[in-house]
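Worksheet: one structure, shown below.
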Amino acid sequence: SSRLDISRVTVDRFDDLDAPSGLWAMPTKNNVTLNWSDNADNEDGVKVERRNGASGIFAEIATVGADAEFFTDSGLTQGATYCYRVRAFNRAGDSAYSNEACGTAPRQFSLSVVRAGTGSGRVESTPPGIGCGTDCSELYLSGTSVILTATPAAGSTFSGWSGGGC
């Protein structure tokens with residue numbers, strides 16, 4: 001008969017997988033960036049789930065590595081609201097879900113500067129984006145106040161703005 005002697009056993013710890021907490025969603029240009037607190041010390045990663053609107057069905061959209069505390073969801077539809085939740089996972093399973101957080105992908109509008117006349121110079125924007133000489137068009141989030149400053153070159157004059165939408 002054979003006999004097996006076990007003098008030492010190592011057990012990986014997979015119990016007590018703490019859920020992430022403090023999830024919040026920050027909308028930026030066509031993106032929603034998520035941040036949360038990582039409360040687990042034994043996870044293999046974090047699953048990110050999203051639903052469209054406040055009453056849709058959640059679906060997993062990404063996994064991020066262990067100890068991650070942020071994710072950027074990109075390529076979203078402008079003006080659409082998305083809700084998220086996250087949970088840690090390891091070989092033994094999944095943690096409970098975090099709280100839910102929702103964000104609306106902001107609307108963007110294009111602002112273009114068209115120079116007219118024979119003079120030359122530059123038009124700059126605040127916040128940055130337009131540097132007309134080279135870049136005379138930029139996308140801005142809805143509600144952004146944009147200040148345009150015209151600087152005529154030597155021998156040229158700036159006579160004013162025209163157009164609508166302001």
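Counting begins at 1 with the first residue of the sequence.
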May I have the step-by-step check of side chain to side chain contact (heavy atoms under 4.5 Å, CB included) for Tyr84 and Val32, ending in yes or no?
CA-CA 10 Å; Tyr84 301 87; Val32 174; 3.7 Å; yes
Kindly compute the distance separating OG1 (Thr81) from CG (Asn52), expressed to the nearest 0.5 Å.
9.5 Å
Say whether Tyr82 and Asp73, considering side chains only, have a donor N or O and an acceptor N or O under 3.5 Å apart.
no
In short, Leu17 meets Ala88 closest at the heavy-atom pair CD2-O, 3.7 Å
Distance-only polar pair, side chains of Ser110 and Tyr140, donor-acceptor under 3.5 Å:
no
Specify the closest pair of heavy atoms between Gly53 and Cys83, including all atoms of both residues, with the distance to one decimal.
O-SG, 3.5 Å
Show, in sequence, the C-alpha distance, side-chain angles and deciding distance for Arg85 and Tyr97, and conclude whether the side-chain hydrogen bond (donor to acceptor under 3.5 Å, both in side chains) test is met.
CA-CA 6 Å; Arg85 64 186 182 187; Tyr97 285 107; 3.3 Å; yes
Show your reasoning for whether side chain to side chain contact (heavy atoms under 4.5 Å, CB included) applies to Ile130 and Leu111.
CA-CA 9 Å; Ile130 293 179; Leu111 175 62; 4.0 Å; yes
I'd like to know if the side chain of Gln78 reaches the main chain of Gln108, judged simply by a donor and an acceptor atom lying under 3.5 Å from each other, with no hydrogens or angles considered.
yes
Side chains of residues 56-72: which donor-acceptor partners sit under 3.5 Å, not counting sequence neighbours?
{"from": "Glu69", "atom 1": "OE2", "to": "Asp38", "atom 2": "N", "distance (Å)": "2.9"}
{"from": "Thr72", "atom 1": "OG1", "to": "Thr33", "atom 2": "OG1", "distance (Å)": "3.2"}

For residues Arg91 and Asp44, report the shortest heavy-atom separation together with the two atoms involved.
N-OD2, 3.2 Å
How about Cys136 and Ser112: do any of their side-chain heavy atoms sit closer than 4.5 Å?
no
Under a plain distance cut-off of 3.5 Å, with no hydrogens placed, do Ser21 and Ser98 share a side-chain donor-acceptor pair?
no
Do you know which two heavy atoms are closest between Arg87 and Pro20, and how far apart they sit?
CA-CD, 3.9 Å
Ala25 versus Ala101, closest heavy-atom pair with distance
N-CB, 3.9 Å
Between Lys47 and Asp94, is there a side-chain heavy-atom distance shorter than 4.5 Å?
yes
Are Phe89 and Ser95 close enough that some pair of their side-chain heavy atoms sits under 4.5 Å apart?
no
Close side-chain approach of Leu23 to Glu100, heavy-atom, < 4.5 Å:
no
Short question: side chain of Ser37, backbone of Asn39 - any donor-acceptor pair under 3.5 Å?
no
So does Glu49 pair up with Arg51, basic N to acidic O under 4.0 Å?
no
Can I get a per-line list of side-chain donor-acceptor pairs under 3.5 Å for residues 144-161, giving both atom names and the distance, sequence neighbours left out?
{"from": "Thr144", "atom 1": "OG1", "to": "Leu141", "atom 2": "O", "distance (Å)": "2.7"}
{"from": "Ser156", "atom 1": "OG", "to": "Ser120", "atom 2": "N", "distance (Å)": "3.0"}
{"from": "Ser156", "atom 1": "OG", "to": "Ser120", "atom 2": "O", "distance (Å)": "3.4"}

